[in-house]
Amino acid sequence: MTDLVRGEAAAVLGHASDQGIEVHRDFFELGFDSLTAVELRNRIAAATGLQLPATVVFDNRTPENLATWLRSELAARPGPDGSPSGAAPGGPAAGQEVDSLERMFLDAVERGRILEARLMVKALGGIRPTFESTAELEDLPLATTLAEGPGRPRLICVSTPTANGGVHEYARFAASFRGRRHVSALPLIGFAAGERLPATAESAARVIAESALRASDGEPFVLVGHSSAGAFAYAAACLLESTWGIKPAAVVLLDTLSIRHDNEGDSEEHDYHGLIRHFFTVDEVSPVRMTNSRLSAMGWWMSLLKGLDVQHTTAPVLTLQAGRQVAGLEPAAAGSDGPGGEEKPTLIPSACVRTVDADHFSIVKEHAAPTAETVEDWLGSLGGA
C-alpha cells in the first residue's frame, strides 16, 4: 500500500520514479497543493475501489499515514463484491454530512445569503475560548517547510483566515523556490479542534509575530501573505519592529486588498461578498475538511480585520497586484484601476507596487510561478537587505 501511495504521488508530481517520495515527509513538503492532493485522491480511489473524501490526503499528512489508513479501510471491506464499508457518507459531497454546519454554510453562500452565513460563523467563533497573551498558550503554531535552499532571506508565509485555507495554499508558490530559498508557511491558531482563538486583533498579530520569529530560526526573513493574510502579515511585521525592535527583511503582500476594514459588508472599492462566493462555490474541491472549528475560526479571524492597528514598518514592502479581473466580480475587486480609469491609491504609501498577470485566486495557484519569479526579482533588487 505504501508503494501504491508513493507511486501515485510521484506520478501526480511528475517524478520519473518514486525515489523522491519520502514516506515520513508531510505532503505539503513533498509539493502537494489543493489541486494535486485531489488528483492523488482520485488516482488512489481508482486503484483501490474505495470511495475517498477529497480531504483524505491532507487528513493523513504523510504517505506512510495515508497507506496505513488505506490498508485499514481495505481490510474492513466485507464480502467478494468489493463494496467499501469504509466509504465516506453520500450526500452533497463525499465526507460531507447533510445536516452539518459546513453544509448550512455552503448552502447559504450558494443562495447568496453570504452576510448571514458570515454572521453565523462569527457568532460561533464568539463563544469559543480565547487568549489575550501568547503566554496563555501551551505552544505556538508550528511552521511547515515547503521549500529548502541556501538563499537568504527565507520566506515565511501566513495562511489566509478561511475555512478551506491553510499552509497548502502556498505549495505552488513555494515550488519555484526549491533549491534556491527556504520557504515555510504558518497555520493560524484556532483552526484545529481544541485550540483557542485570539481575543483581539493585537493578540492575533502577536501570535503570528512570535510564530514567525521561531520559524525564522535566527535567519533574516520575509513575511508573505496572500489576500487578507497579507493584512495580518503586515500587522505582525509592524508589531515586531515597534515592540521588539526586530525588523523583517521585507514584507510581501500578494493581492491584499486592504489592511484594516470591516468586511462583513462590501466596500466602495471591493466586492468582498463576491470573493467569498467565488472562493466557496467556484474554486476546486477543498483539500481540507471544513470542520466546525475551521468555520468558526474563519468567522472570528475575519472579524478581527477591522481591529488591526498598524504603526507601519520601515522594512521594504512589495505590493503585488493581480492584473486580471475575476470573472463575475467588479474590476476593483481584482486589482484594476479605480473608477474612471485613474490609478488606485497604494495600499502602503512606501511600498513597491508590481503587477502580475493573474487574478486574485490564481496568483498563488496556476500563476504561482510568475508570482514567485516577480518576488524573487524584487528581493534581488534589495541588495544587502
Side-chain angles (χ1 to χ4, degrees), residues 153 155-158 160-161 173 201-202 204-206 208-209 212 220-263 266-272 275 302 304-325 330-360 363-364 370-385:
L155 304 182
I156 301 175
C157 305
V158 179
T160 57
F173 173 76
E202 182 180 358
R206 184 172 292 270
I208 292 172
F221 64 94
V222 175
L223 283 174
V224 181
H226 170 236
S227 191
S228 53
F232 287 111
Y234 188 76
C238 298
L239 187 66
L240 283 168
E241 186 171 0
S242 63
T243 304
W244 297 300
I246 300 172
K247 183 169 68 173
V251 181
V252 175
L253 309 179
L254 303 178
D255 208 43
T256 295
L257 303 179
S258 58
I259 296 297
R260 184 178 184 272
H261 63 275
D262 181 358
N263 63 1
D266 294 336
S267 70
E268 293 182 0
E269 293 183 44
H270 306 301
D271 180 9
Y272 291 111
L275 288 174
M302 287 293 192
L304 296 177
L305 282 168
K306 62 184 178 183
L308 284 179
D309 183 19
V310 299
Q311 303 301 315
H312 291 297
T313 178
T314 60
V317 178
L318 172 64
T319 298
L320 198 57
Q321 296 179 336
R324 296 187 185 183
Q325 178 182 343
E330 296 298 323
S336 63
D337 291 343
E342 69 271 17
E343 186 177 348
K344 291 197 305 178
T346 303
L347 194 65
I348 308 297
S350 62
C352 171
V353 180
R354 295 192 181 181
T355 302
V356 65
D357 186 20
D359 64 37
H360 182 76
I363 198 168
V364 290
T371 299
E373 290 306 317
T374 303
V375 172
E376 182 68 24
D377 177 69
W378 179 75
L379 289 175
S381 72
L382 299 181

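None of the values given here were measured: they were computed from a predicted structure.
- Between the Glu241 side chain and the Thr314 main chain, a donor and an acceptor come within less than 3.5 Å of each other.
- Although no hydrogens or angles enter the test, the distance criterion places no donor-acceptor pair under 3.5 Å between the side chain of Asp255 and the main chain of Gln321.
- Annotation: side chain of His360 is in contact with side chain of Leu257 (closest heavy-atom distance under 4.5 Å).
- Once rounded to the nearest 0.5 Å, the distance linking CG of Leu318 with CD1 of Ile348 reads 11.5 Å.
- A ring-centre distance under 6.0 Å is not found for His226 and Phe173.
- A distance of 8.5 Å separates OH in Tyr234 from OG1 in Thr319, rounded to the nearest 0.5 Å.
- More than 12 heavy-atom neighbours from other residues, nucleotides or ligands sit within 6.0 angstrom of CD on Glu376.
- Shown here for Ala235 and Ala205, the closest heavy-atom pair between the two residues is CB-CB, 4.1 Å.
- For the pair Ser227 (side chain) and Ala229 (backbone), a donor-acceptor distance under 3.5 Å is absent.
- Atom CG of Leu223 is separated from atom CG of Leu155 by 9.5 Å, given to the nearest 0.5 angstrom.
- Between Leu379 and Ala250 the shortest heavy-atom distance is CD2-CB, 4.5 Å.
- The two atoms that bring Ile156 and Ala212 nearest to each other are CD1-O, 3.4 Å, heavy atoms only.
- Interatomic distance, Ser228 OG to Met302 CE, rounded to the nearest 0.5 Å: 4.0 Å.
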Kindly determine whether Lys247 and Leu240 satisfy side-chain contact (heavy atoms from CB on, under 4.5 Å), including the steps that lead there.
CA-CA 6 Å; Lys247 183 169 68 173; Leu240 283 168; over 6 Å; no
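- Between the OG atom of Ser258 and the CG atom of Leu305 there is a distance of 7.5 Å, given to the nearest 0.5 Å.
- The minimum heavy-atom distance between Val310 and Cys238, with the atom names listed, is CB-SG, 4.0 Å.
- When all heavy atoms of Trp244 and Arg206 are compared, the pair lying nearest together is CZ2-NH1, 3.1 Å.
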Walk me through whether Leu308 and Phe232 qualify under side-chain contact (heavy atoms from CB on, under 4.5 Å).
CA-CA 8 Å; Leu308 284 179; Phe232 287 111; 4.1 Å; yes
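- Between Pro248 and Ala315, the closest heavy-atom pair is O-CB, 3.3 Å.
- Annotation: the span from Leu320 atom CG to Ile363 atom CD1 amounts to 4.5 Å, rounded to 0.5 Å.
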Between Gln311 and Ser242, does the side chain to side chain donor-acceptor pair (under 3.5 Å) criterion hold? Intermediate values first, please.
CA-CA 8 Å; Gln311 303 301 315; Ser242 63; over 6 Å; no
